[in-house]
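Keep in mind that what you see is a predicted model, and the values were worked out from it rather than measured.
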Amino acid sequence: METTQQTGEPGAAERRRRELLEAADRVVLRDGPKASMNAIAAEAGITKPILYRHFGDKAGLYQALAVRHTDALLDSLRAALDAPAERRRRVESTLDTYLAAIEARPQVYRFLMHPAEDSHTAERGFDVGLHSAPLLRRLGEELAQVISERVDLGPGGERLARVWGHGIVGMMHAAGDWWLGERPCERADLVAGLTDLLWGRLATAGNREDGPGF
């Protein structure tokens with residue numbers, strides 16, 4: 001059982017924080033939105049007050065997990081966007097990368113995006129929506145930057161890139177949430193349908209001369 005004594009070593013503290021996040025991940029994979037601080041502390045072999053010392057409260061732990069998973073997702077999305085393929089194929093690959101990520105770890109997705117209906121009384125005040133909205137905004141801004149850097153949208157292009165970035169993320173999130181819950185079609189069918197919806201002006205817009213191309 002861990003004590004409250006600090007090691008004073010930044011490297012050791014960072015390793016311990018990573019270990020606690022990995023323990024939290026295991027509980028989230030098992031329990032989804034029902035994951036509690038008690039269960040995470042037990043999984044890590046520490047007391048709940050010590051878990052609070054590392055993350056403050058459930059919102060702090062949630063934010064740390066959100067950054068961890070959002071960073072990994074963004075890395076995957078960037079790789080799909082940078083792959084050597086024609087534009088439509090990269091659009092399809094980017095959409096598929098997002099959907100594959102939430103399909104592979106649905107409990108993590110539900111923990112980050114959906115509150116538990118029967119959460120414990122001590123944690124009932126935790127507002128998932130308050131914390132999940134910034135995740136979607138971050139994804140929207142990241143995608144807007146990619147579009148702005150690569151696609152020539154003419155006058156007002158930077159503003160339009162933000163409209164597209166946030167719109168595409170909203171579409172991916174809403175469609176993915178519906179699909180993950182109901183499984184009305186194969187993932188490839190959803191990817192094809194969403195790509196058709198997006199293709200419009202994106203198909204005809206030229207690449208920026210000073211950008212890496214898209």
Side-chain angles (χ1 to χ4, degrees), residues 18 21-22 25 28-29 63-113 132-214:
R18 186 169 60 250
L21 286 174
E22 289 168 357
D25 260 344
V28 170
L29 281 170
Q63 289 173 333
L65 285 171
V67 168
R68 176 184 175 98
H69 288 286
T70 303
D71 284 349
L73 176 59
L74 284 169
D75 286 344
S76 298
L77 294 175
R78 290 189 191 103
L81 287 165
D82 288 335
E86 54 91 19
R87 185 182 290 182
R88 183 181 173 98
R89 181 69 193 109
R90 275 183 285 157
V91 172
E92 291 173 339
S93 180
T94 302
L95 292 169
D96 188 63
T97 295
Y98 173 82
L99 294 170
I102 67 173
E103 182 181 34
R105 308 189 85 188
Q107 291 288 62
V108 173
Y109 169 79
R110 292 184 180 108
F111 175 80
L112 293 176
M113 294 296 176
S132 61
L135 299 186
L136 297 175
R137 284 199 295 271
R138 180 185 173 195
L139 288 172
E141 288 295 327
E142 291 275 353
L143 184 54
Q145 184 176 351
V146 168
I147 294 169
S148 179
E149 290 173 349
R150 297 167 186 241
V151 182
D152 184 1
L153 298 176
E158 185 174 342
R159 182 181 65 242
L160 183 56
R162 294 187 74 194
V163 171
W164 284 15
H166 288 282
I168 291 169
V169 167
M171 181 194 72
M172 287 195 305
H173 170 62
D177 195 82
W178 162 72
W179 173 77
L180 192 63
E182 296 188 15
R183 297 302 179 97
C185 61
E186 296 295 325
R187 194 173 82 217
D189 295 329
L190 181 59
V191 167
L194 294 179
T195 303
D196 286 342
L197 180 62
L198 285 174
W199 198 228
R201 186 173 171 187
L202 188 56
T204 59
N207 288 331
R208 284 186 53 146
E209 292 184 1
D210 58 347
F214 182 44

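Under the 4.5 Å side-chain criterion, counting only non-hydrogen atoms from C-beta, Met171 is in contact with Leu95. The shortest distance between side-chain heavy atoms of Arg187 and Trp179 falls below 4.5 Å. A heavy-atom distance below 4.5 Å is found between the side chains of Trp199 and Arg87. Proximity of Leu77 to Val146: side-chain heavy atoms (C-beta onward) are nowhere separated by under 4.5 Å.
Shown here for Ala175 and Leu190, the closest heavy-atom pair between the two residues is O-CD2, 4.2 Å. Considering all non-hydrogen atoms of both residues, Leu135 and Ala66 come closest at CD2-CB, 3.5 Å. Nearest heavy-atom pair, Arg105 versus His69, reported as atom, atom and distance to 0.1 Å: NH1-CE1, 3.0 Å. Nearest heavy atom pair, residue Arg88 against residue Asp196, reads NH2-OD1, 2.6 Å. In plain terms, the two heavy atoms of Ala64 and Leu21 that are nearest each other are CB-CD2, 3.7 Å. Contact detail for Leu99 and Gly176: the closest heavy-atom pair is CD2-CA, 3.7 Å.
Going from atom CE of Met113 over to atom CG of Leu180 covers 12.0 Å, rounded to the nearest 0.5 Å. Distance check: Ile147 CD1 to Ile168 CD1 gives 4.0 Å after rounding to the nearest 0.5 Å. Between Leu143 atom CG and Leu139 atom CG the span is 8.5 Å, to the nearest 0.5 Å. One distance of note links CD of Glu182 with CG of Asp177; it measures 10.0 Å at 0.5 Å rounding. Taken to the nearest 0.5 Å, the OH atom of Tyr98 stands 11.0 Å off from the CG atom of Leu194. Atom CZ of Arg150 is separated from atom CD of Gln145 by 10.0 Å, given to the nearest 0.5 angstrom.
No side-chain donor-acceptor contact under 3.5 Å links Glu186 to the backbone of Asp189. Arg162 places no side-chain N or O within 3.5 Å of a backbone atom of Ala144 that could act as its donor or acceptor partner. The backbone N or O of Val191 sits less than 3.5 Å from a side-chain atom of Thr195, completing a donor-acceptor pair.
With sequence neighbours excluded, no residue forms a salt bridge (Lys or Arg N to Asp or Glu O under 4.0 Å) with Glu22.
Pairs passing the salt bridge (Lys or Arg N to Asp or Glu O under 4.0 Å) check and including a residue from residues 65-74, sequence neighbours excluded, read Asp25-Arg68, Asp71-Arg138.
Summarising the local packing, CD of Glu158 is surrounded by 12 or fewer heavy atoms from other residues, nucleotides or ligands at distances under 6.0 Å.
Under the 4.0 Å criterion applied to side-chain N and carboxylate O atoms, Arg89 and Asp96 are not assigned as salt-bridge partners.
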